[in-house]
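Convention: sequence-line order gives letters A, B, ...; per-chain numbering from 1. What's counted below: heavy atoms across the whole structure, side chains too, no hydrogens, waters or symmetry copies.
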Amino acid sequence: MRLVTWNINSVRLRMPLVEKLAAEENPDIICLQETKVQDKDFPEEPLRALGYEHLLYRGIKGYNGVAILSKTPLTNPISHEWTGKADGRHIAGTLESGLEVHSLYVPAGGDEPDRTINDKFGHKLDFVDEMTDWFPANRASDKPIILVGDLNIAPLESDVWSHKKLLKVVSHTPIEVEKFTAAETAFGWVDAMRKVTPAPEPLYTWWSYRARDWRAANKGRRLDHIWLSQPLADKIRDVRVLVDARGWEKPSDHAPVLIDLD
DNA sequence: ATGGTCGGTTGCCGA
């Protein structure tokens with residue numbers, strides 16, 4: 001089974017890139033974040049035409065929004081309202097194999113890493129705290145689950161271009177890394193990207209639009225993640241960041257991440 | 001210390 005996760009930054013604007021991804025890699029499942037489309041406007045027809053006939057999505061007007069595109073049936077849709085908000089950050093469904101797929105978009109958290117002056121940072125921390133409680137409490141530990149998406153935190157030193165320079169930059173602050181690690185520990189799952197490419201090998205999935213030459217500067221961060229529950233831990237065949245997609249015409253600022261599972 | 005670029009609820013806000 002081949003699955004790709006991608007923060008697409010507007011699915012309607014970047015439909016040609018979804019087509020290119022489908023043509024080049026032919027994933028069975030594509031999980032999207034930042035679709036930026038409300039449900040009534042979701043582009044079902046062009047996605048069905050690509051072979052993704054089974055679609056789950058949850059979006060609001062203008063921002064956020066997540067989706068799962070599948071060639072085979074998806075049942076039992078779930079969308080948890082994290083921190084009590086129905087803001088299009090989570091969709092999940094179950095494949096015929098019994099594998100449960102979650103597409104998640106954790107809040108970016110704004111610019112200032114201080115919840116007393118920045119509500120968005122507080123929202124992000126509360127969101128990760130709720131993940132830490134929700135998954136272990138609501139999902140059996142022997143169930144095959146893949147959780148993917150833009151988690152908006154780069155936890156390891158080698159997940160950012162400069163650990164020292166990013167210590168006060170939202171996405172890599174100590175409090176975020178602490179909460180992210182607490183979630184990983186509570187889940188007891190596997191970081192599939194780092195199982196295939198262990199630290200300290202640099203590994204990034206996002207490069208800012210603001211760089212003159214993103215590839216030459218390579219000031220990246222690993223904000224997108226693939227977590228596997230224990231029953232899937234020894235099923236990994238390969239994981240790749242599709243870095244070239246960051247250089248396609250009119251790109252997202254995130255690269256897709258691909259996993260092949262037995 | 002600053003500004004740099006995107007997309008959409010556009011002339012701002014969120015990223």
Side-chain angles (χ1 to χ4, degrees), chain A residues 5-21 31-43 46-47 57-67 81-83 85-90 103-115 117-128 148-155 159-162 164-173 175-176 180 204-225 242-257:
Chain A
T5 181
W6 196 6
N7 178 321
I8 187 88
N9 189 14
S10 173
V11 66
R12 288 177 293 179
L13 188 70
R14 280 184 243 289
M15 192 60 64
L17 276 62
V18 178
E19 287 175 23
K20 188 171 167 68
L21 173 72
C31 295
L32 299 174
Q33 302 85 35
E34 279 205 86
T35 54
K36 294 189 173 178
V37 60
Q38 57 190 330
D39 290 347
K40 72 179 180 69
D41 296 327
F42 193 84
L47 292 169
Y57 45 85
R58 197 58 59 99
I60 58 172
K61 211 172 194 179
Y63 58 103
N64 299 349
V66 290
E81 296 184 357
W82 304 91
T83 71
K85 297 178 201 284
D87 59 354
R89 293 186 179 276
H90 178 230
S103 179
L104 190 65
Y105 178 50
V106 172
D111 288 331
E112 202 59 52
D114 178 351
R115 69 179 308 155
I117 57 171
N118 172 15
D119 289 342
K120 286 186 275 192
F121 193 68
H123 178 217
K124 181 180 196 174
L125 298 181
D126 292 345
F127 192 108
V128 177
V148 302
D150 179 3
L151 305 187
N152 263 317
I153 295 172
D159 290 336
V160 293
W161 66 276
S162 168
K164 277 183 82 170
K165 284 196 167 70
L166 289 174
L167 276 171
K168 292 178 179 172
V169 175
V170 172
S171 72
H172 192 63
T173 64
I175 181 73
E176 290 170 273
F180 187 96
Y204 312 142
T205 65
W206 174 89
W207 294 262
S208 172
Y209 282 128
R210 294 175 185 172
R212 258 198 313 273
D213 183 339
W214 68 273
R215 204 189 287 268
N218 197 25
K219 293 184 173 178
R221 306 178 203 170
R222 185 169 71 109
L223 302 180
D224 302 274
H225 297 269
L242 305 180
V243 177
D244 286 349
R246 179 62 180 79
W248 290 351
E249 193 172 345
K250 292 276 281 174
S252 168
D253 45 358
H254 293 252
V257 187

Take atom [atom1] in [N] and the same atom in [M], then report the distance between them in whole Å.
N	M	atom1	value
B:dG3	B:dG8	C1'	22 Å
B:dC6	B:dA1	C1'	23 Å
B:dA15	B:dT2	P	23 Å
B:dG11	B:dG7	C1'	14 Å

Next on the checklist: With nearest nucleotide decided by heavy atoms, which residue, A:Asp253 or A:Val11, maps closer to the 5′ end of DNA chain B?
Outcome noted: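 It is A:Val11, whose closest nucleotide lies nearer the 5' terminus.
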Next on the checklist: For A:Tyr57, give me all partners under ring-ring contact (aromatic ring centres under 6.0 Å, His included), at least two apart in sequence or on another chain.
Outcome noted: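 Result, ring-ring contact (aromatic ring centres under 6.0 Å, His included) vs A:Tyr57: A:Phe42.
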[X] [atom1] - [N] [atom2] separation (whole Å):
X	N	atom1	atom2	result
A:Ile60	B:dG7	CD1	P	19 Å
A:Lys219	B:dG3	NZ	P	16 Å
A:Asp119	B:dG14	CG	P	11 Å
A:Gln33	B:dA15	CD	P	14 Å
A:Asn118	B:dG14	CG	P	10 Å
A:Asn7	B:dG14	CG	C1'	12 Å
A:Arg212	B:dT5	CZ	P	10 Å
A:Gln38	B:dG7	CD	C1'	15 Å

Next on the checklist: Mind checking if A:Lys250 touches a base, just sugar-phosphate, or nothing, with heavy atoms under 4.0 Å?
Outcome noted: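 The answer is sugar-phosphate, as A:Lys250 gets under 4.0 Å only of primed atoms, P, OP1 or OP2.
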Checklist entry - Any side-chain heavy atom of A:Lys124 sitting closer than 4.5 Å to one from A:Lys120? => result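 Contact flag for A:Lys124/A:Lys120 side chains = no.
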Next on the checklist: Could you tell me if A:Arg221 sits above the aromatic ring of A:Trp161, with its cationic atom closer than 6.0 Å to the ring centre and no more than 45 degrees from the axis?
Outcome noted: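 Cation-pi check for A:Arg221 and A:Trp161: fails.
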Checklist entry - Are OP1 or OP2 of B:dT5 and a side-chain N or O of A:Ser208 less than 4.0 angstrom apart? => result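 No, A:Ser208 has no side-chain N/O under 4.0 Å of OP1/OP2 on B:dT5.
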Next on the checklist: So, OP1 or OP2 of B:dG7: does either fall under 4.0 Å of a side-chain N or O from A:Arg12?
Outcome noted: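 False: A:Arg12 side-chain N/O out of range (4.0 Å or more) of B:dG7 OP1/OP2.
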Item to check | Results of salt bridge (Lys or Arg N to Asp or Glu O under 4.0 Å) for A:Lys165 - residues two or more places apart only | outcome: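 Checked A:Lys165 against salt bridge (Lys or Arg N to Asp or Glu O under 4.0 Å); zero matches.
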Next on the checklist: Among A:Asp244, A:Leu242, A:Leu17, A:Thr205, which residue satisfies the side chain to side chain contact (heavy atoms under 4.5 Å, CB included) criterion with A:Pro256?
Outcome noted: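 Result: among A:Asp244, A:Leu242, A:Leu17, A:Thr205, A:Leu242 is the only option passing the side chain to side chain contact (heavy atoms under 4.5 Å, CB included) with A:Pro256.
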